[in-house]
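Quick notes on the structure that follows.
We number each residue from 1, following the sequence as shown.
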Amino acid sequence: VYKLKAAYSSGNVLMVMEKLYTIDDVNYRGILQYASDDTGLNFALVRSDEAAGVTTNPSHPDILVDETTGAFVLLYEDKGGTDVVAVRLASPYTPYVDGVSVIASTGAVLPNHLAAFQSPQGDLYCTYDHQGIALLWSRDGGVTWAFFAEAAFFSGDADEARLHTHAAES
């Protein structure tokens with residue numbers, strides 16, 4: 001298991017794990033999805049990418065909750081790290097592949113660097129490596145996403161680091 005994330009909403013818990021598995025002597029990454037309707041005392045397996053034979057390498061999952069509707073918003077890298085996908089799930093028992101999904105960003109995403117967070121106002125954010133740090137922003141609970149042009153840059157030299165705080169591009 002590479003990464004484990006969980007989120008709570010209205011007595012339900014969505015938990016996902018990123019796992020390495022092998023199909024026909026080839027290694028793949030995938031997601032295990034679990035759900036609980038008793039605040040996390042018991043979990044049921046909802047989906048296993050390994051059992052489904054998934055070979056697109058969905059990885060680096062993170063979860064947010066839309067405070068307006070209580071929906072879970074699962075973010076992950078897909079297609080070997082070229083897309084950031086956002087999936088809205090009204091229930092943690094809905095397999096993530098059956099949720100309402102949008103491609104939040106497309107392009108070269110580097111593995112191991114996707115993180116999601118929420119502002120006190122309820123806006124959703126997702127950061128990932130892409131020739132610096134890219135930032136996606138949603139003001140509607142993950143239904144749509146906007147891209148901040150070069151939100152942050154860090155080359156390893158503190159003198160070159162910068163953070164931009166301007167409006168998002170759509």
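No side-chain heavy atom of Tyr28 sits under 4.5 Å from any side-chain heavy atom of Leu20.
Judged by distance alone, the side chains of Asn27 and Thr22 do bring a donor and an acceptor atom under 3.5 Å apart. A donor-acceptor contact closer than 3.5 angstrom links the side chains of Arg88 and Thr69. Donor-acceptor pairing under 3.5 Å is recorded for the side chains of Ser119 and Gln121. Between the side chains of Ser105 and Tyr128, at least one donor N or O sits under 3.5 Å from an acceptor N or O. A donor and an acceptor atom, one from each side chain of Ser59 and Asn57, are nowhere located under 3.5 Å apart.
Looking at every heavy atom in both residues, Ala116 comes nearest to Leu75 through CB-CD1, 3.6 Å.
Because its NZ or CZ atom is both nearer than 6.0 Å to the ring centre of Tyr2 and within 45° of the ring axis, Arg29 counts as a cation-pi partner of that residue.
Taking hydrophobic clusters as Ile, Leu, Val, Met, Phe, Trp and Tyr residues chained together by side-chain heavy-atom distances below 4.5 Å, Leu64 does not share a cluster with Val87. Under a hydrophobic-cluster definition in which Ile, Leu, Val, Met, Phe, Trp and Tyr are linked whenever side-chain heavy atoms come within less than 4.5 Å, directly or via other members, Val16 and Val1 are assigned to different clusters. Following chains of ILVMFWY side-chain contacts shorter than 4.5 Å, one can reach Met17 starting from Tyr8, so the two form part of one hydrophobic cluster.
Between the side chain of Ser9 and the backbone N or O of Val65, no donor-acceptor pair lies under 3.5 Å. No side-chain donor-acceptor contact under 3.5 Å links Glu18 to the backbone of Lys5. Checking side-chain atoms of Asp38 against main-chain N and O of Asn42 turns up a donor-acceptor pair under 3.5 Å. The main-chain N or O of Trp145 is never found under 3.5 Å from a side-chain atom of Ser138 such that the two would form a donor-acceptor pair.
Judged as a ring pair (Phe, Tyr, Trp, His ring centres under 6.0 Å), and not counting sequence neighbours, the contacts of Phe117 are Tyr125.
Separating the CG atom in Asp78 from the NE2 atom in His60 is a distance of 11.0 Å, to the nearest 0.5 Å.
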Show me the donor-acceptor pairs within less than 3.5 Å that the side chains of residues 93-103 make with the rest of the protein, sequence neighbours left out.
unit_1: Tyr93; atom_1: OH; unit_2: Asp37; atom_2: N; d: 3.2
unit_1: Tyr96; atom_1: OH; unit_2: Asp49; atom_2: OD1; d: 3.0
unit_1: Tyr96; atom_1: OH; unit_2: Asp49; atom_2: OD2; d: 2.7

